[in-house]
Amino acid sequence: MKYLFRLFVIVCLFGNVGAYANLAEGTVSCTSTTSSGNEFVPSYGKIIIDEDSFSRYYIQYMYWDNYERLLWLNTLGSSTFEPDVTFYDYDGEAYGGEQFNYWTSNLPSPYVDTPFIDQDGEKVITIGSAEAVKITHGKVYHTITRMTDGGGSSSWVKLIAQRGRQYPTGCFSTWCSFGCEDEDEDNSLNNFFTLPFQDHFEAPGCQRYNWLWNITSRRDC
Amino acid sequence: MKPLSVLLVMCSIFVSMSVSAGSVAERVSVAQKHFDEMLQKTPNKNVVAIAFFTNDMSLDRIQNVLKGSPLEVKGFHHGTQSYSGGYTFKPGETVDEAVQNYRQSHMFFLQKRMEIDDGLLQVESDKGLRRAVETHRKESVQMKKDFDETGLRIVGVELAGKVRNINSFKEKHGFVRVIEVRNTAKPQSAILPQSSKLKGEIR
């Protein structure tokens with residue numbers, strides 16, 4: 001029995017090794033023996049982007065329908081998850097600017113993400129989870145935040161599911177959450193576009209999507 | 001269920017338990033050590049830090065505590081095991097204005113959540129998703145009830161000032177559990193209190 005328990009512990013821990021950090025680029029390796037695919041992308045989502053008398057804001061829902069969808073997040077103890085809401089700003093007309101004022105989420109250990117390296121032409125506003133290992137299937141998660149005016153009255157929106165890791169393990173600050181890097185050039189294995197710019201979803205507005213492992217189906221609310 | 005699936009599910013439970021055990025205590029310990037070092041070496045340095053509380057407390061109470069404090073208040077944190085969040089002051093916003101705006105935003109988004117949940121229940125047919133939305137809605141209802149009964153309860157306050165003044169605040173107010181110096185301009189995850197008066201705890 002002791003032998004079996006030790007074997008179990010080793011298997012679990014082995015699934016967690018392989019992390020090394022490339023801190024200059026804000027990435028870490030996310031090698032896993034238990035899961036290497038896209039088992040972190042929500043199977044369902046909804047985004048509402050609007051404004052009230054106070055400011056612009058978004059409300060994002062996420063849902064994983066079964067445990068297989070979460071294998072990567074759930075088998076790596078230091079996993080982090082960032083559902084990015086990205087506003088098209090290549091024309092300087094982004095609807096959302098940056099996070100400010102009120103925010104809330106029921107993701108485990110949520111934090112407001114600080115983009116490590118700003119990408120020109122895109123405004124990214126994210127509430128991430130520092131303890132993604134605790135995300136469970138069959139539950140609706142939300143990220144809600146107010147945001148500044150990005151300068152435009154409307155703009156395209158891209159939703160990205162990004163996996164990452166705490167580095168060092170046990171640190172819950174945004175500066176300790178690093179996106180995963182992998183061999184492919186566009187890093188698409190770690191940054192899934194559940195709603196790409198090419199779909200031309202425009203803020204303010206509302207969209208629902210189902211992510212079906214390799215393709216997204218989306219529709220108005 | 002396949003044997004490999006069983007193993008993976010067990011692994012995920014095991015890893016989850018390992019991560020949750022001790023991580024809060026470790027974070028508190030690291031924050032305390034870091035702050036004590038700053039107090040010894042650079043007591044006059046201006047920093048932004050979060051005073052996390054031993055127990056959650058009402059916004060009204062902290063509003064009174066902060067009156068007359070030489071420290072600049074930068075924001076609030078709310079949080080339970082089920083949800084967390086916060087409020088960052090706008091430039092020039094007073095504590096009284098921020099408290100009022102914080103309450104309004106909290107209620108506004110709670111109401112929005114319930115409306116969205118109701119809408120989803122009308123258009124989505126997937127049974128699992130519907131169950132999850134119903135649970136999500138129940139949480140919102142409980143949160144609203146909590147809000148009506150006990151107001152908005154917070155777990156920490158962000159303060160700006162000299163290290164020694166922030167330490168004085170901690171020494172003066174026994175409800176402060178730990179001071180964590182903020183290392184980013186954006187809000188970090190909260191150190192949750194050891195107890196809460198909220199009933200909306202869904203673990």
Thr126(A) side chain vs Gly128(A) backbone, donor-acceptor pair below 3.5 Å: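 The answer is no, because no donor-acceptor pair under 3.5 Å joins these two groups.
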Below 4.0 angstrom, N of the basic side chain to O of the carboxylate: do [X] and [Y] qualify?
X         : Y         : value
Arg56(A)  : Asp50(A)  : no
Glu97(B)  : Lys90(B)  : no
Glu131(A) : Lys134(A) : yes
Glu124(B) : Arg219(A) : yes

Chain B interface, residue from Tyr102(A), Tyr57(A), Phe54(A) that has the most non-hydrogen pairs under 4.5 Å: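 When all of Tyr102(A), Tyr57(A), Phe54(A) are compared, Tyr102(A) has the most.
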Working for salt bridge (charged side-chain N to carboxylate O under 4.0 Å, His left out), residues Asp117(B) and Arg137(B): CA-CA 6 Å; Asp117(B) 290 341; Arg137(B) 196 185 189 291; 5.7 Å; no
Heavy-atom pairs under 4.5 Å with chain A, option from Gly75(B), Gly128(B), Ala132(B), Gly86(B) with the top count: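 So the answer, after comparing Gly75(B), Gly128(B), Ala132(B), Gly86(B), is Gly86(B).
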Among the listed options His78(B), Glu180(B), Glu93(B), Arg113(B), the residue most often paired with chain A at heavy-atom distances under 4.5 Å: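 The answer is Arg113(B).
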Any residue of residues 104-112 of chain B which, by heavy atoms, sits under 4.5 Å from chain A: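 The stretch touches chain A at Ser105(B), His106(B), Phe108(B), Phe109(B), Lys112(B).
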Which atoms of Asp126(B) approach chain A - backbone, side chain, both or neither, heavy atom under 4.5 Å: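 Looking at Asp126(B), just its side chain touches chain A.
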Candidate pair Arg163(A) and Glu82(A), rule salt bridge (charged side-chain N to carboxylate O under 4.0 Å, His left out), full reasoning: CA-CA 6 Å; Arg163(A) 63 177 177 176; Glu82(A) 294 186 346; over 6 Å; no
Residue of the set Ile116(B), Thr135(B), Val133(B) for which side-chain contact (heavy atoms from CB on, under 4.5 Å) holds with Val140(A):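 It is Val133(B), the one option of Ile116(B), Thr135(B), Val133(B) that forms the side-chain contact (heavy atoms from CB on, under 4.5 Å) with Val140(A).
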Heavy-atom contact with chain B under 4.5 Å, split by part of Leu107(A):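 It is neither, since no heavy atom gets under 4.5 Å.
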